[in-house]
Structure formats: C-alpha cells, structure tokens
Amino acid sequence: MNSDQLKGKWKQLKGSLRSVGVKLTDDDLDVIDGQSDQLIGKIQERYGIARQEAQKQVDEWNSNVARASEAERDPRC
C-alpha cells in the first residue's frame, strides 16, 4: 500500500481500525489523517513492535477494507 492509497481509503480504514480495537485515540487518528508513516509510527509506539510488523498490520487492515469495498460493489460476493 502506498501513501496515495492510504489517503484515498483513510475514512474506511479509520473505521476498520476502530472496529478491530486498535489502541489509537480519535485524536491520534485525526493527526495521522491518512499519512502512512505516521500511522505505522503510532502502531509501533502503542504496541511496542518493530516497524516491519506495524507495516504488515497496516497492510492487512488495508487489504480487509479493500475486500469489503469490492464485496459491496459486486453483488456476486
């Protein structure tokens, strides 16, 4: 996922992060505002994990949001 993709899907991803219980406050999410590096940094900080693991989690959340969006658009899913 690149920064443009994250910014474009930020509202969806933001809702997804809340629904899975990510330890980020609304203020954190507002400050991040779709900026990939800031999101990864906050995930690292809150969970005490390596940058690579934080990146992996963000990519997984983004993939889940993309799949959900596709399912909404495709009635065959």
Side-chain angles (χ1 to χ4, degrees):
M1 167 187 61
N2 66 38
S3 293
D4 291 336
Q5 290 172 320
L6 181 64
K7 279 192 172 273
K9 295 178 182 176
W10 180 240
K11 286 185 181 181
Q12 290 174 308
L13 184 58
K14 191 170 152 179
S16 174
L17 293 172
R18 286 185 180 134
S19 71
V20 295
V22 172
K23 298 178 188 176
L24 295 176
T25 66
D26 287 340
D27 287 340
D28 289 335
L29 295 172
D30 289 341
V31 168
I32 292 165
D33 193 30
Q35 297 177 45
S36 180
D37 286 338
Q38 286 191 6
L39 176 58
I40 293 165
K42 285 291 185 185
I43 297 293
Q44 279 183 273
E45 180 182 314
R46 289 291 192 273
Y47 290 93
I49 59 177
R51 182 171 182 79
Q52 185 176 359
E53 180 60 27
Q55 177 71 56
K56 180 181 171 188
Q57 287 186 14
V58 169
D59 289 344
E60 287 174 7
W61 292 322
N62 190 48
S63 293
N64 291 338
V65 167
R67 278 192 294 265
S69 292
E70 287 176 23
E72 287 175 5
R73 283 182 272 153
D74 187 353
R76 295 176 288 162
C77 291

Open item on the list: Does any part of the side chain of V22, heavy atoms only, come nearer than 4.5 Å to the side chain of Q57, both counted from C-beta?
Closed with: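 No, their side chains stay 4.5 Å or more apart.
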- [ ] Treating Ile, Leu, Val, Met, Phe, Trp and Tyr as nodes and any side-chain heavy-atom pair under 4.5 angstrom as an edge, say whether I49 and V58 lie in one connected cluster.
- [x]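 Yes; tracing contacts between hydrophobic side chains, which count when under 4.5 Å, links both residues.
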- [ ] Please check if W61 and V31 belong to a single hydrophobic cluster, counting links between Ile, Leu, Val, Met, Phe, Trp and Tyr side chain heavy atoms closer than 4.5 Å.
- [x]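 Cluster IDs for W61 and V31 differ.
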Any idea which heavy atoms bring [X] and [Y] closest together, and the distance?
X: L24; Y: R46; answer: CD2-CG, 3.7 Å
X: W10; Y: L29; answer: CZ2-O, 3.3 Å
X: A54; Y: Q44; answer: CB-CG, 3.8 Å

Task: Derivation of the salt bridge (Lys or Arg N to Asp or Glu O under 4.0 Å) call for K14 and D30 - done: CA-CA 9 Å; K14 191 170 152 179; D30 289 341; 3.1 Å; yes
TODO: Can you sort out the partners of D27 under side-chain hydrogen bond (donor to acceptor under 3.5 Å, both in side chains), two or more places apart, ordered by chain and number?
DONE: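 If we apply the side-chain hydrogen bond (donor to acceptor under 3.5 Å, both in side chains) test to D27, skipping adjacent residues, there are no hits.
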Open item on the list: My understanding is that only residues two or more places apart in sequence, or in another chain, count here; which of them pass side-chain contact (heavy atoms from CB on, under 4.5 Å) with E60?
Closed with: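 side-chain contact (heavy atoms from CB on, under 4.5 Å) list for E60, sorted by chain: K56.
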Could you give the distance from [atom1] ([X]) to [atom2] ([Y]), rounded to the nearest 0.5 Å?
X: I32; Y: L17; atom1: CD1; atom2: CG; result: 8.0 Å
X: I43; Y: Q38; atom1: CD1; atom2: CD; result: 12.5 Å
X: Q55; Y: I40; atom1: CD; atom2: CD1; result: 3.5 Å

